[in-house]
Structures are given as structure tokens and as C-alpha cells.
There are 2 protein chains.
Amino acid sequence: MTYSPELLKGTLKTIVLKLLSDHKKMYGYEITQKVKELTRDKIQITEGALYPTLHALEADGLVTTEVEYIGKRVRKYYSLSPAGRTAGREKLKELTNFMDTMIALLDIKPKMA
Amino acid sequence: MTYSPELLKGTLKTIVLKLLSDHKKMYGYEITQKVKELTRDKIQITEGALYPTLHALEADGLVTTEVEYIGKRVRKYYSLSPAGRTAGREKLKELTNFMDTMIALLDIKPKMA
DNA sequence: AAAGATACATAAGAATTAGATGTATTAAAA
DNA sequence: TTTTAATACATCTAATTCTTATGTATCTTT
């Protein structure tokens, strides 16, 4: 990761919920690779961070899981529950709002896509 | 604070360095109030977070201090050292870059000032 | 056959911040 | 005039979150 790791703190759940809102179902490893791809290697989600997060989301009822076997290998898919979809929208809104505030506070100019 | 507190993690040093780069010298309490004012109460820097951060910056040689007495009350001013000025610029650049990445990843549209 | 990629997961430790608490002075309000 | 709120410093415990290390196992490519 090119950034100070602290910057990512607090954004992981939002990232996961957003990806799941765009993809119906994804498995853990796929999420790490997708983030890597979408950020051109700038953000690397580590598995040690991701799996506890996914389990927490599941415990909170925001995602549901289904196991699939690829040969003998287990693959665990995660999907958004209705509550998860709502939570994702809210988290995204909150992050956007936070960024607006930071941009104003620090007088910086991000370039949008 | 209106935001999930985790979001602020990793940005506090950047905020402090940026404010000091705009103000020559500030004291702790002033910093908390300035952030509150500039963000219209959206971000509240707690003293429990700020003072350890200021002390860390001082230990790293990024800020220098001078004590002043207002009547009998102590006031401790913090100023950027040359190294602090450089570090502040770099932190700001990093945060901007990180935000660009997050904006692209999450496909969000912050509104700039 | 070995190495690298895929895929799950846990656990210890580091880092950062919130919240509580403490001290003390000064100004404003009751 | 008393007490409350604001100013101003600071520390400490606990909570949270992530990194790093480790572990297991399968599949694919060299």
C-alpha cells in the first residue's frame, strides 16, 4: 500500500458494502483483488483485515453467505441483505460528507473521475 | 462529531500540520476551536486526542513550542519547524491522493468549495 | 517437483482515538 | 456573590481497527 495505513481505517466496511452493492455476490479473495484492480494497486486489502470485517458484517445481519465448492476448494460468497443495502448507502453518504468536510477544512482539490 | 469516529483516524496529524502551516503559531485549545469553526461543528477534535498528537509531533521535531502566560494561565504555543512544514506538505499530498483513489473506487462525487 | 496463486481463517500486537478524569484560571450569569 | 460555563493544560484506560505473522489446503503453471 502506498498510503499510510491509518488512512484506510474506518473505510473498509464502506468499501466492502459498496462492492457488494455492485456485484450481487463476491467471495473474500475476489474482493481483495477487485480493490487492488480498481485502485491500480494503491489500496491492498489484507486478508487479516477483510475476514474479520466480513464476519462482523454477517453477525450484524448486513450480509448473507453461501458456500460453494470449486472442486474440493471451498468458496464462500457474500451478498448484501436488505439491511446491508441500506447500511451501505448510509455509509457511502457519510464518507462522502466527511470528505467534503475534509476538502473544505484542508482546502484541497481532489480530481474527480 | 457527526461522523463515525474511525474516519478521522489517520487524519489528525495532517489537520494539525495544515492549520499550523496557515497560522504561524497556535495553542491546543485554539486548534480544537478552529477545527470546530471551519467544519461547522462537524469535526470535533477532542483534547484527549490532540495533546498526545501535539506531543508526538514535538518529539518528532515537527513542531516547536513556546510557553506564554496570560495572567496566571499557561498557554503553550506550537509552531511548525522546517521539517514540519515539509512533512505537512507531504501529508496533505498523500491525503489528497488517497481521496482521489477512494473517490474513484467508490464512484462518489464530492462537491468542492 | 516446486513454486506461485487461490482461498479460507485466526491471533498477537501496534496504533490511534474516544471518553473520563483531573487541575486551575477567568468570565459571565443567576 | 456564588455558581456555572468557558478557557487551557494534561493524562490514562478502554475500545476499535488494522497489520503482520501464521496456519491449512488446493490448484495451476513451470
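Treat the numbers as computed from the prediction; the structure is a model and nothing was measured. Chain A is the first sequence line, chain B the second, and so forth, proteins listed ahead of strands; every chain is numbered from 1.
A single hydrophobic cluster is not seen to contain both B:Tyr77 and B:Val35; linkage of ILVMFWY side chains at heavy-atom distances under 4.5 Å, directly or through other members, places them apart.
Atom-to-atom, CD1 of B:Ile45 to P of C:dG19 comes out at 13 Å; the value is rounded to the nearest Å. Atom C1' of nucleotide C:dT17 and atom NE2 of B:His55 are separated by 16 Å, given to the nearest angstrom. At whole-Å resolution of the value, CG in A:Leu7 and C1' in C:dT17 are 15 Å apart. Going from atom CG of B:Leu50 over to atom P of C:dG19 covers 15 Å, rounded to whole Å. Rounded to whole Å, atom P of C:dT6 lies 14 Å from atom NZ of A:Lys34. Between B:Leu54 atom CG and D:dC9 atom P the separation is 9 Å, expressed in whole Å. Separating the CG atom of A:Leu57 from the C1' atom of D:dC18 is a distance of 15 Å, rounded to the nearest angstrom. Between the CD atom of B:Glu68 and the P atom of C:dT25 there is a distance of 18 Å, given to the nearest Å.
In this model, the phosphate group of C:dA7 is approached by a side-chain N or O of A:Tyr27 to a distance below 4.0 Å at OP1 or OP2. Between A:Lys9 and D:dT19, a side-chain N or O to OP1/OP2 separation shorter than 4.0 Å is absent.
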Validation: residues 59-70 of chain A side-chain donor-acceptor distances under 3.5 Å, sequence neighbours left out:
{"from": "A:Thr65", "atom 1": "OG1", "to": "A:Glu58", "atom 2": "OE2", "distance (Å)": "3.1"}

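Under the 6.0 Å distance and 45° angle rule, B:Lys76 does not count as a cation-pi partner of B:Tyr27.
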Return the polar atom pairs (N/O with N/O) between nucleotides 20-25 of chain D and the protein under 3.5 Å, or none.
none

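Side-chain atoms of A:Lys91 and A:Thr11, non-hydrogen and from C-beta on, never get closer than 4.5 Å to each other. With contacts defined as side-chain heavy-atom distances shorter than 4.5 Å, the pair A:Glu30/A:Arg75 does not qualify.
Taking every side-chain heavy atom of B:Arg75 into account, D:dC9 is the closest of D:dT26, C:dC8, D:dC9. The side chain of A:Tyr51 has C:dA9 as its nearest neighbour among C:dA9, D:dA10, D:dC18.
Between the side chain of B:Lys72 and the base of C:dT26 there is no donor-acceptor pair of N/O atoms closer than 3.5 Å.
The structure places CD1 of A:Ile103 at 5.5 Å from CD1 of B:Ile103, a figure rounded to the nearest 0.5 Å.
Annotation: of the two residues near DNA chain C, A:Pro52 and A:Gln33, the 5′-most nearest-nucleotide partner is A:Gln33. Heavy-atom distances to DNA chain D give each of B:Ile70 and A:Leu12 a nearest nucleotide, and the one nearer the 5′ end belongs to B:Ile70.
Annotation: salt bridge (Lys or Arg N to Asp or Glu O under 4.0 Å) contacts involving residues 77-89 of chain A, sequence neighbours excluded, are absent.
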